[in-house]
Engineer: 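Take this structure first; my questions come after.
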Amino acid sequence: MKIFGKNIVYAFLILFLLAWGFAVLVGSIQETPELSLTELVDKVRAREVKEIVVQSSNLEITLSDDSKFISKKEEDTSLTETLLNFGLTSEDIASFGHKEVNPSGFLFWFQAALPTLITILFILGFIWFMGRQVQRSNGQAMGFGQSRARIVEPDSTRKKTTFKDVAGVDEAKEELKEIVDFLKYPKKFLDIGARIPRGVLLMGSPGTGKTLLARAVAGEAGVPFFQMSASEFVEMFVGVGASRVRDLFKIAKKASPSIIFIDEIDAIGRHRGAGMGGGHDEREQTLNQILVEMDGFETHDQVIVIGATNRPDILDPALLRPGRFDRRVVLDLPDIKQREAILTVHSTKKPLGKNVRLRRVAERTPGFSGADLENLINEGAILAARENKKEISEEAILDSIDKVILGPARKGFVISKNEKRISAFHEAGHALVAASLPNADPVHKVSVISRGRALGYTMKLPTEDRHLYTRSHFVDELAVSLGGYAAEEVVFGELTTGAADDIRKATAIARALVQRYGMSKKVGPVAFGDQSEHIFLGKEIGHERNYSEETASMIDREVSNFMQRAYETAKKVIKSKRDKLEEIAERLIENETIERDEFARMVGAA
Ligand code: ADP
Ligand code: MG
Ligand code: ZN
């Protein structure tokens with residue numbers, strides 16, 4: 001738009017100059033006064049004429065006093081003839097100088113043609129100008145079909161991502177090293193007649209490092225890397241997506257060996273024709289084009305397509321067929337060792353305090369993705385910077401965990417002394433029950449600093465990642481959940497709304513024990529309620545009831561039995577260790593937070 005405006009200004013400027021030049025020229029011609037032929041004849045008779053220059057029909061007359069005039073005669077009669085016709089004698093005619101100027105002289109023609117010339121020039125200019133405009137907008141329309149891939153050249157000066165930057169996902173790295181090998185030494189594979197893999201699909205929850213890994217592959221292999229997010233293929237206009245795909249593959253093939261990375265491929269790679277999300281022709285066409293392009297690879301095309309998605313469950317099966325995305329790499333949320341490794345990678349360039357034990361940070365961050373962990377270290381650094389410290393302390397990082405999970409501490413949030421007391425006993429209840437039951441997770445931190453919606457919190461975490469959970473673990477955890485509730489009841493003889501969230505979560509666990517895990521003796525090993533197949537990466541969509549009313553009431557009874565027993569266990573613990581409870585609660589009221597080591601000392605555990 002800016003360029004267009006500038007052009008208009010130029011056009012006007014040129015126009016103005018032309019008009020001005022024309023006016024001056026015309027003016028200069030007209031400046032010389034004109035004589036009629038009769039006047040000229042009179043002046044010749046009076047011997048006032050010095051010279052007449054003839055230029056076809058134009059006469060330039062110079063008088064004896066050197067003043068100049070112009071006049072006109074008829075084209076096909078000569079000047080002499082004309083004058084004779086006017087009754088002048090040959091004597092009169094000889095009295096002045098007589099010059100004939102070649103009528104084909106440049107100046108003459110130029111002068112004659114100037115108005116036409118200017119008009120033509122102006123029209124040409126106008127056409128050219130319009131043409132450019134059209135071309136530009138045309139170019140834009142053409143550009144729609146071009147891929148908008150971001151290209152990372154192998155010798156890019158930007159910092160290269162390599163496998164070293166990716167921590168903890170060793171299996172995935174192994175798998176991808178093969179791809180790198182292929183791109184680096186294709187001959188080795190081709191000689192033995194191996195079919196080259198065409199597509200690799202990286203699957204995993206958000207933030208597990210899919211994009212990072214793809215970049216690392218490119219960095220390791222040292223080949224051009226074309227990155228595009230699937231949603232960028234699709235625009236308002238039908239057919240653009242397919243055309244962009246064509247373009248992208250064309251460029252990539254030219255640059256081969258190369259890598260095409262299509263991020264968030266589920267945006268176009270959804271199950272075709274599936275009802276969910278509504279049919280979308282454009283998406284289907286784009287997807288089809290990708291399939292066509294991948295099928296069209298020749299053996300010597302060393303182009304590998306890497307796709308990434310966090311919803312492999314909704315991908316079209318055609319994408320997963322051999323010859324397309326036949327390699328699949330699953331990236332799980334990191335376990336404790338992997339978390340430690342990721343934390344190490346991200347803290348190498350940051351000034352970490354000597355006391356920082358990343359293992360301990362890893363322990364406290366189950367369920368964190370690689371991206372979360374990176375964010376955590378960054379939050380720690382910000383916190384340290386805000387406090388004008390030169391290095392990041394463990395405390396800063398641990399504080400950031402709470403912040404990342406529960407939201408920032410609400411420092412300005414004032415609670416009354418009474419509420420703080422209730423909250424302290426509530427949290428002390430959780431913590432005490434957790435410390436007293438053998439199968440509950442150990443307490444890492446107890447706090448009455450309110451964060452997010454919680455007035456206080458008790459953080460208890462497994463020392464190791466678990467994949468199997470026992471019934472006794474759940475039973476103890478239920479009791480811990482009700483520890484706060486029981487403490488309020490025992491100490492104040494009154495209940496508050498503060499336990500509502502605990503109860504809700506505990507009930508959900510109890511229900512799962514009965515309905516899904518077959519952990520209720522009365523109900524037995526039967527799963528109730530059909531969890532439809534969409535449980536992937538922690539997402540549950542449909543839930544269907546497939547049991548009788550009778551069974552429903554039995555389930556409800558069992559759920560409530562679990563809860564009842566848990567409540568009794570919690571209450572027993574609290575009653576029997578009332579003095580410890582008071583001690584913890586008082587400490588909380590005074591200090592607001594009790595860390596793991598101190599807590600362990602207080603309850604007399606290791
Ligand atoms: P996604 O799987 O959603 O594509 P990204 O690859 O974009 O996740 O990861 C986001 C950021 O998280 C990365 O830039 C990196 O800093 C960090 N990260 C994720 N996984 C890892 C990992 N395994 N090792 C190191 N850093 C990681
Ligand atoms: Mg990504
Ligand atoms: Zn609670």
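Counting convention: from 1, in listed order, for ligands and their atoms alike.
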Engineer: Note the single closest protein heavy atom to atom 12 (O) of ligand 1, along with its residue, its atom name and the distance in Å.
Structural biologist: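 Heavy-atom neighbour on the protein nearest atom 12 (O) of ligand 1: A371 CA, 3.1 Å.
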Engineer: Go through ligand 1 atom by atom and flag the ones less than 4.0 Å from a non-hydrogen atom of V166.
Structural biologist: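 Under 4.0 Å from V166, ligand 1 has these atoms: 23 (N), 24 (N).
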Engineer: Salt bridge or not for D402 and K445, using N-O below 4.0 Å?
Structural biologist: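 A salt bridge is present here (some side-chain N lies under 4.0 Å from a carboxylate O).
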Engineer: Using a strict 4.0 Å threshold on nitrogen-to-oxygen distance, state whether D247 and R244 make a salt bridge.
Structural biologist: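 Looking at D247 and R244, the cut-off is not met.
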Engineer: Quick check: does D263 get an N/O under 3.5 Å from an N/O on ligand 1?
Structural biologist: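 Looking only at distances, the answer is no, because the N/O contact criterion of under 3.5 Å is not met.
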Engineer: For atom 6 (O) of ligand 1, find the nearest protein heavy atom and state the residue, atom name and distance (0.1 Å precision).
Structural biologist: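 Of the protein heavy atoms, L212 N, 2.9 Å lies nearest.
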Engineer: Determine, step by step, whether R601 and E583 satisfy the salt bridge (charged side-chain N to carboxylate O under 4.0 Å, His left out) criterion, reporting the C-alpha distance in whole Å, the side-chain angles of both residues, the deciding distance to 0.1 Å, and the verdict.
Structural biologist: CA-CA 12 Å; R601 273 198 305 280; E583 193 189 328; over 6 Å; no
Engineer: For atom 16 (O) of ligand 1, find the nearest protein heavy atom and state the residue, atom name and distance (0.1 Å precision).
Structural biologist: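 Atom 16 (O) of ligand 1 sits closest to the protein heavy atom H346 CE1, 3.1 Å.
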Engineer: Would you check the N or O atoms of V169, main chain and side chain alike, for any that come under 3.5 Å of an N or O of ligand 1?
Structural biologist: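 Checking ligand 1 against V169, no N or O pair falls under 3.5 Å apart.
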Engineer: Taking only heavy atoms of P206, which atoms of ligand 1 are found under 4.0 Å from at least one of them?
Structural biologist: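 With P206 as reference, the close atoms of ligand 1 come out as 3 (O).
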Engineer: Among all protein non-hydrogen atoms, which one is nearest to atom 4 (O) of ligand 1, and what is the separation to 0.1 Å?
Structural biologist: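 Scanning the protein heavy atoms, the shortest distance from atom 4 (O) of ligand 1 goes to T211 OG1, 2.6 Å.
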Engineer: Identify the protein heavy atom lying closest to atom 3 (O) of ligand 1, giving its residue, its atom name and the separation to 0.1 Å.
Structural biologist: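 Result: G207 N, 2.7 Å.
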Engineer: Regarding R246 and the six-membered ring of F249, is the cationic atom NZ or CZ under 6.0 Å from the ring centre and inside 45° of its axis?
Structural biologist: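 No, R246 does not sit over the ring of F249.
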Engineer: Is ligand 1 under 4.0 Å from a heavy atom in the side chain of L202, in the backbone, in both, or in neither?
Structural biologist: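 Neither; nothing of L202 gets under 4.0 Å from ligand 1.
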Engineer: Report the C-alpha distance between E178 and K173 in whole Å, list the side-chain angles of each, state the deciding distance to 0.1 Å, and finish with yes or no for salt bridge (charged side-chain N to carboxylate O under 4.0 Å, His left out).
Structural biologist: CA-CA 9 Å; E178 251 179 68; K173 274 204 268 188; over 6 Å; no
Engineer: Considering only non-hydrogen protein atoms, determine which one is nearest to atom 24 (N) of ligand 1 and report residue, atom name and distance to 0.1 Å.
Structural biologist: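 Ranking protein heavy atoms by distance from atom 24 (N) of ligand 1, first comes A167 N, 2.9 Å.
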Engineer: L331 near ligand 1, heavy-atom distance under 4.0 Å?
Structural biologist: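 It does not; every heavy atom stays at 4.0 Å or beyond.
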Engineer: Can you classify the ring geometry of Y567 versus Y485 as parallel (below 30°), tilted (30 to 60°) or perpendicular (above 60°)?
Structural biologist: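 Y567 and Y485: perpendicular rings.
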Engineer: Please determine, by modelled atom types, if N561 and Q564 share a side-chain donor-acceptor pair under 3.5 angstrom.
Structural biologist: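 On atom types as modelled, these side chains do not qualify, holding no pair under 3.5 Å.
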Engineer: If you have a sec, work out which protein heavy atom is nearest atom 18 (N) of ligand 1 and how many Å separate them, to one decimal?
Structural biologist: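 Of the protein heavy atoms, G370 C, 3.7 Å lies nearest.
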Engineer: For atom 5 (P) of ligand 1, find the nearest protein heavy atom and state the residue, atom name and distance (0.1 Å precision).
Structural biologist: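 Answer for atom 5 (P) of ligand 1: G209 CA, 3.8 Å.
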Engineer: Looking from the Zn ion (ligand 3), what is the angle between OD2 on D502 and NE2 on H426, to the nearest 10°?
Structural biologist: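 OD2 of D502, the Zn ion (ligand 3) and NE2 of H426 span an angle of about 90°.
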Engineer: In ligand 1, which numbered atoms sit nearer than 4.0 Å to a non-hydrogen atom of E374?
Structural biologist: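 So the answer, numbered in order with elements, is 16 (O).
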Engineer: Do the ring centers of Y469 and Y517 come within less than 6.0 Å of each other?
Structural biologist: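 No; Y517 has its ring centre 6.0 Å or more from that of Y469.
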Engineer: Salt bridge check, E363 against R360: does any charged N sit closer than 4.0 Å to a carboxylate O?
Structural biologist: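 Not counted as a salt bridge, because no side-chain N and carboxylate O are separated by less than 4.0 Å.
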Engineer: Check D181 with K177, please: is the shortest side-chain N to carboxylate O separation under 4.0 Å?
Structural biologist: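 A salt bridge is absent here (no side-chain N lies under 4.0 Å from a carboxylate O).
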